[in-house]
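Input: a single structure, listed below in structure tokens.
FYI, side chains are in, hydrogens and waters are out, and symmetry mates aren't considered; it's all heavy atoms of this structure. Treat the numbers as computed from the prediction; the structure is a model and nothing was measured.
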Amino acid sequence: LRHARVGRRMGIGRKVRPRSFSSGGGGGGPYFGSIDQGTSSTRFIIFDAKLTPVASHQLNVKQHYPHPGWADMDANEIMESINICATEALQKSGILASEIKAVGVTNQRETTVIWDKNSGDPLAPAMLWFDDRTKSLCHRITNELGGDPQVLQQKSGLRINPYFSAFKLRWLIENNENIKKAVDAKAAAFGTVESYVIWKLTGGHHHVTDCTNASRTMLMDLNSLEWCEELCNTLGIPMDKGLLPEKIVSNAEPEAFGTIQTGVLKGVKICGAIGDQQSALVGQHCFEKGQLKNTFGTGQFLLLNTGDDLVISDKGLLSTVAYRMGTEVAPTYAVEGSVAISGVGIKWMIEQMGFGESPTDIIDLASSVESTKGLYFVPAFNGLMAPHWTESARGIMIGWTHYHGRSHLSRALVEALCFQCRDVIEAMGLKPELIKVDGGVCQSDFAMQLLANLTEIPVERPANVETTALGAAIAAAIGCGHVARIEELEKKESVDEGTRFQPSASIDAAGKYSKWGEAVKRCEGWDLSHADD
């Protein structure tokens, strides 16, 4: 990439040696499969005994937008894509399915699936995590509970918001007559994506979810890691219809997830499941309290490891389970800042604005100018998430003049991704020693140097940026006993090199961040009655 070559000439990236994720051994078998089912694509990656990737295959999956604010996905397409990716990855590698010791599943969180228990067919399209058709329902529930969207945070760690699965589930029950009838007949099953995938792969024998995904439904008690009757009753979710997954299990277990019954992976055990952002935290080796990672995917997700402390934020952050690697260990918790726009903002510039044909084109435009010349872009396409949680916000460009062109706007978007990261870190009330990054945008040296400059914190990108899939492979390796416990991974030193980006003292980061804050205030409270003008 042109921006990467420019970055190397400027000396903005320094090689470092991050710790290993390997369990020892000399590579080769046994092998571990990782199903990474995301918002934009599905991947199957095969890892060797040292947890090094050896083969993979990826397929894009379609999102559907039938109405403003709605976002759907075909659950059948999810399963088809998994089967194709597993088949292709095995063919590329020459590895037999019988050589795969265990599979781990990682997935887009909050996305809601309801299916028929008898046929296994989805009863409606999967409702994606960023779908906001439940906005009015959330307002109604908030008002019924006294007007504070954080009223349930002590138990759930979350705030009342369309983001979370409970509201999607209730909306589907209330607005889809077929689903309502199936629920009343105890014939419907609910799950987030990993739950549906496991149910389908095991032939309907295992209706389970893991504690990281369950912690994003708003129906689980964060202390007990069990379905909470009080939360279910308050949010109108029936517990007597066999709707919820039968068990909430840890992220790494030898039997709880079952054995695959169909397809090319038939006979392989599933020994791990973990939500995608928590999986990236594990894959980034953030096992120590105070370590932070940021994943640049469709959105942008920062997780801070808080150890065994369940921290409830009053600054717009969410509390969640980071991981629990086995039934005999206590859970590790995290605080999270979820930002809606990252890769989807770049996609918007390509598809809606026609600024290029690929993300590389947008980064090239952004890196072709030395500054935005006072232009700020707040990509609040559908409101603002953490730490602002302002539904009435809408996108704004401010500081626009005759001088500005596509390059300045492209750079303003990349800077916006960096400022949103800083918003979350400021809300955390600390300055971490390092931001560990992964995801699509992080492959750009230019963007990562900008992130270091504007947050005033060093940024580290691993040599293997597929950390989400790696986290699921680690869970599977622990679940099947190949790795005894997560502490073993901490002791290994890596031979792989990553890249570290140091902040530049020549940038007025504080001044630019202050102006960004002013732009954010300007975009809030927009009168949505003008939306059809």
Side-chain angles (χ1 to χ4, degrees), residues 3 6 12 294 296 299-300 316 337 339-356 359-427 441 444 446-457 459 503-528 530-531 533:
H3 61 271
V6 170
I12 59 177
N294 187 8
F296 292 89
Q300 187 177 164
V339 176
I341 302 299
S342 180
V344 72
I346 293 174
K347 184 179 180 182
W348 172 81
M349 281 202 159
I350 296 167
E351 296 182 354
Q352 301 300 112
M353 303 299 287
F355 280 13
T360 302
D361 293 337
I362 305 304
I363 298 296
D364 283 347
L365 280 171
S367 62
S368 69
V369 292
E370 294 184 358
S371 81
T372 66
K373 298 297 183 181
L375 177 64
Y376 289 81
F377 177 24
V378 183
F381 295 153
N382 207 22
L384 290 170
M385 291 173 62
H388 310 284
W389 297 103
T390 308
E391 294 178 9
S392 63
R394 286 296 180 268
I396 187 174
M397 286 180 282
I398 193 164
W400 202 225
T401 71
H402 288 295
Y403 174 80
H404 292 99
R406 295 187 304 165
S407 297
H408 300 97
L409 180 53
S410 298
R411 184 179 178 111
L413 174 62
V414 178
E415 288 192 359
L417 306 186
C418 303
F419 288 133
Q420 289 179 114
C421 175
R422 182 160 178 168
D423 279 345
V424 172
I425 292 173
E426 294 282 336
V441 175
S444 162
F446 166 75
M448 292 304 96
Q449 183 60 53
L450 203 55
L451 179 65
N453 291 347
L454 295 178
T455 60
E456 302 180 274
I457 300 169
V459 170
S504 171
S506 64
I507 304 296
D508 181 17
K512 290 179 70 67
Y513 182 62
S514 177
K515 294 290 287 185
W516 160 262
E518 292 180 25
V520 169
K521 290 177 182 176
R522 300 280 184 100
C523 84
E524 294 176 339
W526 184 252
D527 184 357
L528 297 183
H530 296 299
D533 289 353

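- Partners of K347 by side chain to side chain contact (heavy atoms under 4.5 Å, CB included), not counting sequence neighbours, listed by chain and number: Q63, E351.
- Qualifying salt bridge (charged side-chain N to carboxylate O under 4.0 Å, His left out) partners for R422, counting only residues two or more places apart in sequence or in other chains: E426, E456.
- Listed by chain and number, the residues in a salt bridge (charged side-chain N to carboxylate O under 4.0 Å, His left out) with E518 are K515 (sequence neighbours excluded).
- With respect to the salt-bridge test (charged N to carboxylate O, under 4.0 angstrom), the residues E524 and R394 do not qualify.
- Residues satisfying the ring pair (Phe, Tyr, Trp, His ring centres under 6.0 Å) test with W348, not counting sequence neighbours, are F377, F381.
- Nearest approach of C418 to A447, heavy atoms of both residues: SG-O, 4.2 Å.
- Residues forming a ring pair (Phe, Tyr, Trp, His ring centres under 6.0 Å) with H404 (at least two apart in sequence, or on another chain): W400, H408.
- In this model, no donor atom of one side chain and acceptor atom of the other lie less than 3.5 Å apart for T390 and S392.
- Applying the side chain to side chain contact (heavy atoms under 4.5 Å, CB included) rule to A366 yields the partners S410, R411, V414, F446; only residues at least two apart in sequence or on another chain are considered.
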task = Check step by step if side chain to side chain contact (heavy atoms under 4.5 Å, CB included) holds for V520 and L384.
result = CA-CA 9 Å; V520 169; L384 290 170; 3.8 Å; yes
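- Remark: F419 pairs with W516 by the ring pair (Phe, Tyr, Trp, His ring centres under 6.0 Å) rule, at least two apart or across chains.
- Checked against side chain to side chain contact (heavy atoms under 4.5 Å, CB included), A340 has the following partners two or more places apart in sequence or in another chain: M385.
- Annotation: side chain to side chain contact (heavy atoms under 4.5 Å, CB included) contacts of S371 (sequence neighbours excluded): K373.
- Legend: residues meeting side chain to side chain donor-acceptor pair (under 3.5 Å) with S407, ordered by chain and number and at least two apart, are S368.
- Evaluation of the side chain to side chain donor-acceptor pair (under 3.5 Å) rule for S514 yields no partner, not counting sequence neighbours.
- For Y376, the ring pair (Phe, Tyr, Trp, His ring centres under 6.0 Å) criterion is met by no residue, not counting sequence neighbours.
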